Amino acid sequence: MINFQYLRTTTSKSALALLSKDKAAKFLAGGTNLIDLMKRGVTTPEKLIDINHVPLKQIELKGDTIIIGALASNTAVAEHALIKEKLPLLANALNAGASAQLRNVATVGGNMMQRTRCGYFYDTEMPCNKRQPGSGCGAIGGFNRMHAIFGTSEKCIAVHPSDMCVALIALDATVVLANQKGERKILFKDFHRLAGDTPQLDNNLKTDEMIIRLEIPINNLAKNSHYLKVRDRASYAFALVSVAAALEISDHKITDVRLAMGGVAHKPWRLTASENFLKGKEASTANFELAAKLAMTDAKGFGENDFKLQMAPNSIIEALTLAKSKA
Ligand SMILES: Cc1cc2nc3c(=O)[nH]c(=O)nc-3n(C[C@H](O)[C@H](O)[C@H](O)COP(=O)(O)OP(=O)(O)OC[C@H]3O[C@@H](n4cnc5c(N)ncnc54)[C@H](O)[C@@H]3O)c2cc1C
Ligand code: SF4
């Protein structure tokens, strides 16, 4: 670990002012990912700006929108009565992540910004286009059991590891970002990026910006929703495949549906074609199977992760069935 300067700030304005002086500086939130990356020499910022005392921890309802501050902890969000009642999909996804101790300190903004868990990315002796553009991709033709099956590039097949983000893309969240000039909003689905030719970029946050809050519209999907996470251990393990599924059912017909997956792409993966197929149809196993088949249209395995080509559609069917069966 290299020596670094530690700065503490109490307002987003001063945090952004400090960042504007050194765009290579990093915000320190819970530190559960950033400090690991620094210890391994994957990230080497010379300046850390501790934002834990910036008042961005609100969780509240404003009109028909739920506001969640970027520094609210994963536990605070998952355990909040408003989130449990109105957005159980988000609470369940959060509780499926990491461990209770990690969730107590990990923040919403940090969770969105966490880096991939690809082993080659963490090993500075190995080729990795994400860590060192142009050095190659160790995972293509190497150990790729945890890797992507959708939206891959020849440069990188890593997945985004978050559970929370899978629920947020399904819930049509909006992200509010700020720089020194003011705020801008971006749809959650446009926050993270596919690897393409620039695998070093995980998302569209600019170097002078900070995540301020999330805005999530209230919906009628709370009753029939389920977050399914398939992993190697029952806890403290990243998803092999995960599915956020939510249905609004009226007279046996699906009037609204949300479907997204984790562990399968460089970004949280929304299954829009499957959603469009299901809308207006009966909530039946046959239709769930067809929706799952549709979701797999462009899927591609890389050897060790070929099992995901079967696990993914099975998980979609299971998640939809469990969402439907909620009383
Ligand atoms: C052993 C282990 C198991 C885990 N398992 C899971 C799991 O199963 N599922 C899952 O989803 N996650 C899992 N995690 C990841 C964990 O959720 C993340 O480490 C955590 O959410 C990151 O939040 P943080 O506040 O600690 O971020 P930090 O480590 O402080 O920061 C991460 C990055 O976000 C940036 N950042 C933080 N806040 C902001 C902001 N407001 N604006 C702009 N940039 C910001 C930082 O500069 C840094 O680059 C696991 C982590 C560990 C260590
Ligand atoms: S999959 Fe991406 S993160 Fe992993 S080695 Fe290849 S380039 Fe690096």
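Numbers for residues simply follow the sequence, beginning at 1. One-based numbering, in listed order, for ligands and for the atoms of each. Computed over heavy atoms, backbone and side chain alike; hydrogens, waters and symmetry mates excluded. Because the structure is a prediction, the values reported are computed rather than measured.
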>> When you compare the side chains of K86 and H80, does any donor N or O come within less than 3.5 Å of an acceptor on the partner?
In response: no

>> Assess, by modelled atom type and distance only, whether the side chains of N104 and Q101 contain a donor and an acceptor separated by less than 3.5 Å.
In response: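 Distance-only check fails for N104 and Q101.
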
Which of the atoms in ligand 1, numbered in the order shown and given with their element, are less than 4.0 Å from a heavy-atom of [X]?
X: N111; value: 11 (O), 17 (O), 21 (O), 22 (C), 23 (O)
X: A237; value: 8 (O)
X: Y236; value: 1 (C)
X: M210; value: 42 (N)

Tell me whether [X] contacts the main-chain N or O of [Y] through its side chain, where contact means a donor paired with an acceptor under 3.5 Å.
X: T152; Y: A148; result: no
X: D50; Y: L7; result: no
X: N74; Y: L94; result: no
X: Q310; Y: F307; result: no
X: D36; Y: K39; result: no
X: N224; Y: K326; result: yes
X: S225; Y: A246; result: no

> Do F277 and K279 pass the side-chain contact (heavy atoms from CB on, under 4.5 Å) test, and can you show the C-alpha distance, the side-chain angles, and the key distance before you say yes or no?
Replying inline: CA-CA 6 Å; F277 168 79; K279 273 180 203 155; over 6 Å; no

> Hey, is D172 close enough to K189 for a salt bridge, meaning N to O under 4.0 Å?
Replying inline: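 Looking at K189 together with D172, the answer is no, because their closest N to O distance does not fall below 4.0 Å.
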
Could you tell me the residue and atom name of the protein heavy atom closest to [atom], and the distance to it rounded to 0.1 Å?
atom: atom 5 (S) of ligand 2; value: Y120 CB, 3.3 Å
atom: atom 51 (C) of ligand 1; value: R117 NH2, 3.7 Å
atom: atom 36 (N) of ligand 1; value: M113 CG, 4.0 Å
atom: atom 47 (O) of ligand 1; value: F27 O, 2.6 Å
atom: atom 50 (C) of ligand 1; value: F238 CZ, 3.4 Å
atom: atom 18 (C) of ligand 1; value: T32 OG1, 3.4 Å
atom: atom 3 (S) of ligand 2; value: C128 SG, 3.6 Å
atom: atom 7 (C) of ligand 1; value: A98 N, 3.1 Å
atom: atom 10 (C) of ligand 1; value: D163 OD2, 3.6 Å
atom: atom 41 (N) of ligand 1; value: I211 O, 3.1 Å

>> Given G110, S99, P161, identify the one with the heavy atom nearest to atom 23 (O) of ligand 1.
In response: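 Selected option, by shortest heavy-atom distance: G110.
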
> Given R193 and N204, is the side-chain hydrogen bond (donor to acceptor under 3.5 Å, both in side chains) satisfied, shown in steps?
Replying inline: CA-CA 7 Å; R193 298 165 60 102; N204 290 311; 2.9 Å; yes

>> If I take every N, O or S atom of C137, is at least one of them less than 2.8 Å from atom 2 (Fe) of ligand 2?
In response: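 For C137, the answer is no, given that no N, O or S atom comes within less than 2.8 Å of atom 2 (Fe) of ligand 2.
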
[X], any N or O under 3.5 Å of ligand 1 N or O:
X: G31; value: yes
X: T107; value: yes
X: G97; value: no
X: G30; value: yes
X: A29; value: yes

> Would you call R131 a ligand 2 contact, heavy-atom distance under 4.0 Å?
Replying inline: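 Not so, R131 does not reach ligand 2.
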
Atom indices of ligand 2 within 4.0 angstrom of [X] heavy atoms, with elements:
X: K155; answer: 7 (S)
X: G138; answer: 5 (S)
X: A139; answer: 1 (S), 5 (S)

> Can you list the steps and then say if K62 with E215 is a salt bridge (charged side-chain N to carboxylate O under 4.0 Å, His left out)?
Replying inline: CA-CA 9 Å; K62 273 197 181 163; E215 297 180 354; over 6 Å; no

>> Test of understanding: given a 4.0 Å heavy-atom threshold, classify the contact between C118 and ligand 2 as side chain, backbone, both, or neither.
In response: side chain

>> In this structure, would I59 and F188 fall into the same cluster of hydrophobic residues linked by side-chain contacts under 4.5 Å?
In response: yes

>> Any N/O/S atom from C156 (main chain or side chain) under 2.8 Å of atom 8 (Fe) of ligand 2?
In response: no

>> Using side-chain hydrogen bond (donor to acceptor under 3.5 Å, both in side chains), reason through S20 and D208 one step at a time and then give a plain yes or no.
In response: CA-CA 6 Å; S20 73; D208 65 347; over 6 Å; no

> Is it the case that K229 places NZ or CZ above or below the six-membered ring of Y227, under 6.0 angstrom from the centre and within 45 degrees of the axis?
Replying inline: no

>> Is the contact between A239 and ligand 1 made by the side chain, the backbone, both, or neither, using heavy atoms and a 4.0 Å cut-off?
In response: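 It is neither part, as no heavy atom is under 4.0 Å.
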
> Can you tell which part of L102 has a heavy atom less than 4.0 Å from ligand 1: side chain, backbone, both or neither?
Replying inline: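 Looking at L102 and ligand 1, just side chain atoms fall under 4.0 Å.
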
>> In this structure, does ligand 1 have an atom that sits under 4.0 Å from one of the heavy atoms of K229?
In response: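 True for this residue.
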
> What heavy-atom pair brings P45 and K26 nearest, and what distance separates the two atoms?
Replying inline: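 So the minimum-distance heavy-atom pair works out to CB-CG, 3.6 Å.
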
